[in-house]
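See structure below.
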Amino acid sequence: MATSYDVIVVGGGVVGAAAARELSREGRRVVVLDPGDERGQAWRAAAGMLAPQIEATDNEALHELSVAGRDRYAELAPELLADTGIDVGLWREGIAQVATEPAQAEVLRARVAQQRQQGQVSDWLDADEARSRWPWVRDLAGALWAPMDGALDPKALVHALLTDARNNGASTINVEVSAVVRTGDRVTGVIADDEYSADDVIIAAGAWSGRIGGLPRPLSVEPVRGQMAAMPWPAEVPRAILYADDCYVVARGDEALVGSTMEYAGFDASVSDEGQQRIWAGIRKLCPPIGAARAHRTWAGLRPVTPDGLPIVGPAPDVAGLWYATGHGRNGVLLAGITALLLQQMLRGDAVHEHVLAMSPSRLWKW
Ligand SMILES: Cc1cc2nc3c(=O)[nH]c(=O)nc-3n(C[C@H](O)[C@H](O)[C@H](O)COP(=O)(O)OP(=O)(O)OC[C@H]3O[C@@H](n4cnc5c(N)ncnc54)[C@H](O)[C@@H]3O)c2cc1C
């Protein structure tokens with residue numbers, strides 16, 4: 001006899017955990033199934049930046065969702081602290097994207113103008129002003145300053161979301177899902193160590209989403225490896241988050257987190273000499289005091305990336321009760337909180353903003 005729930009969330013990464021938290025808060029019986037092992041999950045690897053203005057995309061729908069995703073954490077972080085006692089480390093002190101040569105400066109200055117037209121808070125800092133703020137950065141030709149962008153600690157976030165979901169009655173079980181189960185044109189559950197049944201199943205298994213058996217159509221989500229390194233944050237350097245063309249550095253606790261590569265390496269989540277050298281070359285050029293330190297940790301994770309760069313959020317066409325929440329690529333931490341709210345609206349049958357149609361799974365299949 002299958003154990004029965006209202007909703008099964010396949011994957012307890014940042015997206016699945018956020019969905020479980022929202023759905024359990026409205027009284028649904030939710031179970032999160034996740035192997036709980038170390039396989040290069042993106043949430044364990046992520047730098048945790050909330051950077052819609054720095055990672056700006058030309059897709060208007062995704063951009064608006066990204067800004068809403070960042071702003072969602074202003075509510076969610078204090079709620080999680082109050083409800084679970086877990087501090088997700090929300091940092092809202094801005095991110096700078098720096099230009100190290102005049103041609104880059106022109107591109108960034110144009111982006112500042114565009115963001116201001118869109119009503120966002122975005123400032124252009126000329127070379128002198130940028131140098132006065134970050135004298136330890138080399139070759140500054142100017143910077144885009146996004147004072148509303150920030151960061152949080154993704155591991156603390158997942159811990160807090162799952163804790164809150166459990167407080168609201170959700171179960172979390174360490175098992176790997178092998179397949180969804182369908183009867184006719186409706187999903188009825190999943191197979192893991194046992195059979196679990198539910199009215200709704202949400203596929204939120206990150207880069208592994210397409211490997212789940214029994215999906216009605218092939219799912220285009222590929223793993224893209226990102227390598228990172230951490231070293232002590234130099235005592236003489238004020239804490240900051242800086243982005244350049246080929247690397248970024250994030251202050252978290254007493255560490256500098258430096259990243260990252262974008263590599264097609266299949267499901268291999270190991271660290272390579274070549275990848276680390278690339279990160280180090282970037283950071284030595286950008287921030288010599290940080291680049292001079294030795295890494296005390298290195299790691300890698302697999303981002304779930306789609307062919308058109310947009311997440312896949314919404315109902316599976318033709319199969320009632322099956323939902324996708326995956327493919328968030330480089331910005332799944334940023335987008336997790338807002339994705340969970342969208343899923344909540346969709347599962348309730350509420351109208352969702354038309355921008356969400358751009359993320360619809362049905363765009364992937366013309367057949
Ligand atoms: C190096 C690096 C840096 C990043 N930096 C940022 C950043 O600064 N800001 C940002 O917004 N995003 C960042 N990202 C991207 C972000 O981490 C991802 O977009 C996000 O984690 C995707 O969330 P997810 O829950 O879909 O996938 P994941 O976080 O990968 O979680 C998927 C979960 O599914 C589980 N799972 C897998 N297979 C199964 C199965 N068969 N059954 C059940 N469960 C399964 C896994 O165990 C995992 O817990 C970064 C990623 C990397 C790798």
Side-chain angles (χ1 to χ4, degrees), residues 2-20 23 28 30-37 39-43 173-224 264 266-267 302-329 332 335-336 339-340 342-344 346-347 352 356-367:
T3 323
S4 194
Y5 297 90
D6 294 333
V7 184
I8 295 170
V9 181
V10 180
V14 68
V15 172
L23 294 170
R28 294 176 195 256
V30 177
V31 63
V32 181
L33 305 179
D34 189 298
D37 55 7
R39 56 176 65 195
Q41 288 91 340
W43 65 271
I173 306 178
N174 282 351
V175 284
E176 178 162 0
V177 171
S178 55
V180 300
V181 183
R182 290 184 278 146
T183 306
D185 59 2
R186 147 150 286 295
V187 79
T188 53
V190 302
I191 310 273
D193 57 334
D194 197 352
E195 191 166 335
Y196 295 79
S197 75
D199 297 333
D200 292 291
V201 173
I202 300 174
I203 304 295
W208 296 267
S209 298
R211 291 188 143 189
I212 311 283
L215 296 178
R217 294 178 165 96
L219 193 64
S220 298
V221 180
E222 296 295 329
V224 174
Y264 289 89
F267 286 90
L302 303 176
R303 306 176 184 91
V305 173
T306 59
D308 61 6
L310 298 175
I312 304 171
V313 180
D318 311 327
V319 180
L322 181 61
W323 305 84
Y324 294 107
T326 185
H328 290 77
L335 292 165
T339 296
L342 294 173
L343 282 168
Q344 188 185 46
M346 288 190 247
L347 263 79
V352 287
V356 180
L357 295 178
M359 323 293 150
S360 165
S362 57
R363 77 179 189 276
L364 299 171
W365 306 289
K366 303 290 176 215
W367 40 279

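The residues of the chain are indexed from 1 along the displayed sequence. Note that the structure is predicted; figures quoted are calculated from it, not measured.
The side-chain heavy atoms of L347 and R28, taken from C-beta on, include a pair separated by under 4.5 Å. Side-chain contact check for T339 versus P311: every heavy-atom pair is 4.5 Å or farther apart. In this structure the side chain of R217 reaches within 4.5 angstrom of the side chain of D318, judged on heavy atoms. In this structure the side chain of V10 never reaches within 4.5 angstrom of the side chain of L33, judged on heavy atoms. At a threshold of 4.5 Å between non-hydrogen side-chain atoms, the residues V14 and H328 do not count as touching. Residues D308 and R363 have side chains in contact (heavy-atom distance under 4.5 Å, counting atoms from C-beta outward). In this structure the side chain of L215 reaches within 4.5 angstrom of the side chain of Y324, judged on heavy atoms. The shortest side-chain heavy-atom distance between I191 and S178 falls under the 4.5 Å cut-off.
Note that CD1 of I203 is 9.5 Å distant from CD1 of I8, once rounded to the nearest 0.5 Å. Within the model, atoms CD1 of I202 and CG of L23 stand 5.0 Å from one another, a figure rounded to the nearest 0.5 Å. Put simply, CG on L219 and OG1 on T306 are 9.5 Å apart, with the number rounded to the nearest 0.5 Å.
In plain terms, the two heavy atoms of W365 and P317 that are nearest each other are CZ3-CD, 3.7 Å. In plain terms, the two heavy atoms of V319 and P216 that are nearest each other are CG2-CG, 3.7 Å. Contact detail for S220 and I312: the closest heavy-atom pair is O-CD1, 4.3 Å. Across all non-hydrogen atoms, the minimal contact from V181 to V187 is O-CG2, 3.4 Å. The shortest heavy-atom contact between A358 and L310 is O-CD1, 3.5 Å. The two residues P223 and Y264 have their closest heavy-atom pair at O-CD2, 4.2 Å.
Legend: side chain to side chain donor-acceptor pair (under 3.5 Å) pairs involving residues 206-216, not counting sequence neighbours, sorted by first then second residue: S209-T326. Counting only residues at least two apart or in different chains, salt bridge (Lys or Arg N to Asp or Glu O under 4.0 Å) contacts with residues 173-186 comprise R39-E176. Within the structure, side chain to side chain donor-acceptor pair (under 3.5 Å) contacts touching residues 11-20 (residues at least two apart or in different chains) do not occur.
Remark: the backbone N or O of V9 is not paired with any side-chain donor or acceptor of W323 at under 3.5 angstrom.
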